[in-house]
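These numbers come from a predicted model, not from an experiment.
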Amino acid sequence: MAALPETLPGQASRLSDAWYAFRRNRRAVAGLVILLTWTVLAIGAPLFAGSNPYRGGPDALLPPGSPDHWLGTDNLGRDIWAELVYGARVSLTIGAATALVSVALGIAVGSLAGYFGGRVDGVLMRFAEFFQVLPRFVLALVIVALFGGGLWKLIIVIAVLSWPQTARVVRAQFLSLREAGFVEAARLGGMDTLGLITREIWPNALTPVIVLVSLEMASAILIEAGLGFFGLGDPNLVSWGSMLNAAQGYLRQAWWMAVMPGLAILSVVLSLNVVGDGLNDALNPRLREAA
């Protein structure tokens, strides 16, 4: 317990330094602002949408700038802005939930492989490599086409196909830390395996995983949009992918039906990648020193 007061200030200092470095990265801050904006719109969709995205009307294919429909309407008279706001709920939910599930799986597998090594490491890494070489989108396409495309089915399918990268990163961190002095000291002090993993190694090994969360979110959003484009999203929900699917037959006379959800996807995915780069720069001491 005596070491606790000495550890916490150091951790707080590292977090403060990382936050300061992140704030200096204007692109990362701009990306974070865009993500927070979409998150607020998604959470408050009934307040910001202005109309029901599931209800059509007589004003079909109105161009952007039309009265009461500033981003236009689709072929069924549904407001594009309302669809975008409600679609953000689906995309961000799938992105966040998929990232959390896949990262949790990757941490579990990578921790066991890196800590125990030997046969355990060999079996788990061969298992990870098997999933890593599979074409994620094609396999997700086949699975969803066979078993349906509900929201939670999409999350589970994409997450199960996305964990190997996290597992390999965590394994590499464990391999470098399991023989470190502070781990050996804790082991000699009688700490059990679970304590060594969760209390000694994880706090020092999971920094790169924070960056992977943003990248996994971006990948999941793109996969969901692709599945929705092929008509394999959740049929009961408005998503950016389903908007692109509906726009296929109206590209010439109603370009906004495809451009608006395309820009929404671009803004979120690009922001997640920029934020991920900013987190990597902020959390990596060597990169901070080089800057």
Side-chain angles (χ1 to χ4, degrees), residues 34 38 41-42 45 48-98 134-158 161-162 217-273:
I34 292 173
W38 277 115
L41 290 173
F48 297 112
S51 62
N52 190 333
Y54 302 97
R55 183 183 303 159
D59 299 326
L61 301 181
L62 290 178
S66 302
D68 300 325
H69 302 287
W70 66 288
L71 288 184
T73 60
D74 66 6
N75 57 305
L76 299 178
R78 296 174 297 190
D79 186 75
I80 295 293
W81 167 249
E83 291 186 281
L84 285 177
V85 173
Y86 274 87
R89 279 186 165 185
V90 175
S91 293
L92 294 179
T93 298
I94 287 179
T98 299
L134 294 175
R136 283 196 291 178
F137 179 74
V138 175
L139 192 57
L141 194 69
V142 173
I143 294 174
V144 172
L146 291 175
F147 299 103
L151 181 64
W152 289 106
K153 288 181 182 178
L154 290 173
I155 291 171
I156 293 171
V157 168
I158 299 173
L161 298 174
S162 304
M217 280 188 66
S219 177
I221 289 172
L222 284 175
I223 292 175
E224 185 280 327
L227 294 173
F229 176 77
F230 286 105
L232 296 175
D234 192 328
N236 300 314
L237 297 172
V238 174
S239 71
W240 293 339
S242 65
M243 293 176 68
L244 291 173
N245 176 262
Q248 292 182 67
Y250 301 89
L251 293 177
R252 292 187 178 181
Q253 63 266 46
W255 53 266
W256 55 90
M257 287 179 61
V259 169
M260 299 306 174
L263 289 176
I265 294 169
L266 174 65
S267 66
V268 171
V269 172
L270 183 60
S271 297
L272 284 167
N273 280 275

Exercise for the section: Supply the atom-to-atom distance L146 CG to L141 CG, rounded to the nearest 0.5 angstrom. Expected result: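 Output value for this atom pair is 9.5 Å.
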Handout entry: Distance, nearest 0.5 Å, that separates CG of N236 from OH of Y54
Key =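 Rounded to the nearest 0.5 Å, the CG-OH separation comes out at 8.0 Å.
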Please set out all donor-acceptor pairs under 3.5 angstrom arising from side-chain atoms of residues 261-270, sequence neighbours excluded.
from	atom 1	to	atom 2	distance (Å)
S267	OG	W38	NE1	3.1
S267	OG	L263	O	3.3
S267	OG	A264	O	2.8

Problem - Under 3.5 Å donor-acceptor, S162 side chain and I158 backbone - result: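 Judged by distance alone, yes, a pair lies under 3.5 Å.
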Under 4.5 Å between any side-chain heavy atoms of [X] and [Y], yes or no?
X	Y	result
D79	L71	no
W240	L244	no
V238	V90	no

Handout entry: Inter- and intrachain pairs under side-chain hydrogen bond (donor to acceptor under 3.5 Å, both in side chains), touching residues 87-98, at least two apart
Key =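 Output for this query is empty, none listed.
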Problem - Pair listing, side-chain hydrogen bond (donor to acceptor under 3.5 Å, both in side chains) test, anchored in residues 225-235, at least two apart - result: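 Matches after skipping sequence neighbours: none remain.
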Listed pairs under 3.5 Å, donor-acceptor, residues 221-232 side chains, sequence neighbours left out:
from	atom 1	to	atom 2	distance (Å)
E224	OE2	S239	OG	3.2

Problem - Residues which pass side-chain contact (heavy atoms from CB on, under 4.5 Å) with I143, listed by chain and number, not counting sequence neighbours - result: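 I143 satisfies side-chain contact (heavy atoms from CB on, under 4.5 Å) with L139, F147, V157 only.
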Practice task
Could you note down all residue pairs passing salt bridge (Lys or Arg N to Asp or Glu O under 4.0 Å) where residues 65-77 supplies at least one of them, sequence neighbours left out?
Solution key: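 Qualifying pairs, neighbours excluded: D74-R78.
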Practice task
Mind jotting down which residue pairs meet the salt bridge (Lys or Arg N to Asp or Glu O under 4.0 Å) criterion with at least one end in residues 135-151? Sequence neighbours excluded, please.
Solution key: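 Passing the test, one end in residues 135-151: R136-E216.
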Problem - Pairs flagged by ring-ring contact (aromatic ring centres under 6.0 Å, His included) wherever residues 61-82 is involved - sequence neighbours left out - result: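 Non-adjacent pairs meeting ring-ring contact (aromatic ring centres under 6.0 Å, His included): W70-W81.
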Problem - Taking every non-hydrogen atom, the tightest pair across S66 and P63 - result: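 Distance-wise, the nearest heavy atoms are OG-O, 2.6 Å.
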Practice task
Kindly give the heavy-atom pair with the smallest separation between L154 and G233, and that separation in Å.
Solution key: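 Heavy-atom minimum between the residues: CD1-CA, 4.3 Å.
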For residues 251-259, run the donor-acceptor check on the side chains, cut-off 3.5 Å, and write out each pair with its distance to 0.1 Å, sequence neighbours left out.
from	atom 1	to	atom 2	distance (Å)
W256	NE1	L62	O	3.3
W256	NE1	T73	O	2.9

